[in-house]
Number of protein chains: 2
Amino acid sequence: MANGMTTERTAHRDAFSPDTASTRLHRALRVRLCEGDFTPGEVISIRRIAAEYGTSAMPSREAVRWLVTEGALIFSDSRKIIVPELSHDRFHEILFARKNLETEVSRQAFDNIAGTDIEALERIDERINTAIAQGDLVSYMRGNYQFHFHIYRLSHSQVLLPLVEILWLQYGPSMRYICTRWGASSIADDYHREVTQALRRGDRSAFCQAIAADIEQGMLLLE
Amino acid sequence: MANGMTTERTAHRDAFSPDTASTRLHRALRVRLCEGDFTPGEVISIRRIAAEYGTSAMPSREAVRWLVTEGALIFSDSRKIIVPELSHDRFHEILFARKNLETEVSRQAFDNIAGTDIEALERIDERINTAIAQGDLVSYMRGNYQFHFHIYRLSHSQVLLPLVEILWLQYGPSMRYICTRWGASSIADDYHREVTQALRRGDRSAFCQAIAADIEQGMLLLE
DNA sequence: CCTCTGCTAGTGTGATCACACTCGTGTGAT
DNA sequence: ATCACACGAGTGTGATCACACTAGCAGAGG
């Protein structure tokens, strides 16, 4: 049980899902992928994961293979399971899809965002800013994930939300990799401030545009 | 080996995927789900599927659980795996997401659609029309799937296309169910003719609108 | 006649082993 | 020194079994 095998509820499983060793491992690995705990190209061995989490190979095998069907892991040429290295085109495709789906999810969430939610978002944004100031990349990526999905969950969308999570699973490792290459300065200017301010004004249009701008800002790192 | 366990290439696995008993079974079940071979509420037993396809429980277990992570199957209250019965809201959500994603995928595919593709689409549409005339629901659903994904595959999108397939997996069984309730007459007026005619004129805008209209037409069945 | 108990068949889950394949390495022959 | 073969460690896959749990039913006891 080396890493945080939490049972916290992620949004991906809207329907009932039994709490088994496989599902716990699956959730734990999902979080690690979204937060960039793995390096693109890294080999993910079923037996090694099983040993890390103190289970047999069976739950590990299921969790890893589920991640393959979600596109978060892929097969290498030699039948090994690895963390994908996204090509430039594919990374751009994911960000384009993110902009498309996440602005729509945000639009649906807008009416359900209460004052307490705005305060929670501002607290998360503060933590993100201190993480950036300290160059703490892990805390930044975790905060960024929490900020976006605090909003998206309020959409109560049972269809689009799982699709958005798949996109984050796929781009998480590469995003972490790109950030380490560019340094913390490259992510200094996100649009979270614009997001919360638009929410305080009750300006739905500006809110959606700020979300889109925040995602588009990630595309600039590719050029 | 009761049902068609084909090895035909579906679009969902853009990356390399080994050809094993599990993946073959997974593909076979995906096709059956998209074509409406299963009834909402039907129990999917791992051992029974294994017996049907003449394999052991292991590949069946993997294939079925993969479909659960894709949202094509869900857990019932008593831990059994069943084909989901979509609520009205959820069905509407899926169609909304389909309209959003599939018009975008079509827009990307437009430049890659050659004359031979248009002819292929017209041939598929003819088969669909005869299926409707004969009240052959299975052939209709298969043709409809082929028509749409012949277009979508030409987008060469590695990200959006798997998401679209997930949506079809989820709504396939319920769509079949709805069609049987309404009879073949309800699906008589699709927009496939408008799609191919817009392609012949080279009118991208009209093409995308026809795709969107074809999907929206499905929403009318819900009211 | 009703009720409660216990059996049975079925479910998914987890563990373990055998197999085929790949990659690297070391050893032996040329 | 160089090349070739073989061995070993590691990989995912498939089969099989034991376990816990659930639903249904049959039968004994009230």
Side-chain angles (χ1 to χ4, degrees), chain A residues 1-2 5 7 13 15-30 33 38-85, chain B residues 1-2 5 7 13 15-30 33 38-85:
Chain A
M1 190 75 69
M5 172 110 75
T7 54
R13 212 22 61 210
F16 169 76
S17 174
D19 188 40
T20 64
S22 305
T23 59
R24 281 193 297 272
L25 226 171
H26 185 215
R27 280 194 295 269
L29 294 178
R30 280 174 75 101
L33 281 165
F38 294 106
T39 308
E42 183 177 348
V43 175
I44 303 296
S45 159
I46 289 175
R47 290 177 177 85
R48 187 171 52 78
I49 294 287
E52 279 183 25
Y53 285 89
T55 73
S56 88
M58 200 62 235
S60 167
R61 169 181 179 171
E62 296 203 326
V64 169
R65 289 300 259 126
W66 294 343
L67 291 169
V68 172
T69 73
E70 292 172 309
L73 303 175
I74 61 172
F75 279 91
S76 73
D77 301 334
S78 56
R79 301 284 202 274
K80 282 190 214 170
I81 294 173
I82 63 173
V83 181
E85 311 186 48
Chain B
M1 191 76 69
M5 172 110 75
T7 54
R13 210 25 59 208
F16 169 76
S17 173
D19 188 40
T20 64
S22 305
T23 58
R24 281 193 296 273
L25 226 171
H26 185 216
R27 279 193 296 268
L29 293 177
R30 282 175 73 100
L33 280 165
F38 295 106
T39 308
E42 182 177 350
V43 175
I44 303 296
S45 159
I46 289 175
R47 291 178 176 85
R48 187 171 51 78
I49 294 287
E52 279 184 25
Y53 285 89
T55 72
S56 87
M58 200 62 234
S60 167
R61 169 181 178 172
E62 295 204 326
V64 169
R65 288 300 261 124
W66 293 343
L67 291 170
V68 172
T69 73
E70 293 173 309
L73 302 175
I74 62 172
F75 280 91
S76 73
D77 301 333
S78 57
R79 299 285 203 274
K80 283 190 216 169
I81 294 173
I82 62 173
V83 181
E85 311 187 47

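By convention in this document, chain letters (A, B, ...) are assigned in the order of the sequence lines, proteins followed by strands, and residues within each chain are numbered from 1. All values reported here derive from a predicted model rather than from experimental measurement.
For the atom pair B/R79 CZ and A/S17 OG, the distance stands at 9.0 Å (nearest 0.5 Å). Rounded to the nearest 0.5 Å, atoms CZ (B/R65) and CZ (A/R65) are 14.0 Å apart. Taken from CG in A/L25 to CG in A/L29, the straight-line distance is 5.0 Å, to the nearest 0.5 Å.
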Using the side chain to side chain contact (heavy atoms under 4.5 Å, CB included) rule, take A/I44 and A/V83 through it: C-alpha gap first, then chi angles, then the decisive distance, then the call.
-> CA-CA 7 Å; A/I44 303 296; A/V83 181; 3.9 Å; yes
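At whole-Å resolution of the value, CG in A/L73 and C1' in D/dG12 are 14 Å apart. Computed from coordinates, the B/R48 CZ to C/dT11 P distance equals 8 Å when rounded to whole Å. Atoms CH2 (A/W66) and P (C/dG12) sit 13 Å apart, rounded to a whole Å. Distance, B/I82 CD1 to C/dG12 P: 12 Å, rounded to whole Å. Put simply, NZ on A/K80 is 7 Å from P on D/dT11, counting in whole angstrom units. For B/I49 and C/dG10, the CD1 to P distance is 16 Å, given to the nearest whole Å.
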Under 4.0 Å protein heavy-atom contact, by nucleotide of nucleotides 13-19 of chain D - B base, S sugar-phosphate only = BBB--B-
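Between B/S45 and C/dT11 there is a side-chain polar atom (N or O) within less than 4.0 angstrom of OP1 or OP2.
Of the nucleotides present, D/dA1 is the one that pairs with C/dT30 by Watson-Crick or G-U wobble criteria, both distances under 3.5 Å.
Every residue two or more places apart in sequence or in another chain that forms a side-chain contact (heavy atoms from CB on, under 4.5 Å) with B/S78 is listed here: B/S76, B/K80. Take B/R48 and apply the salt bridge (Lys or Arg N to Asp or Glu O under 4.0 Å) test, not counting sequence neighbours, and it matches B/E52.
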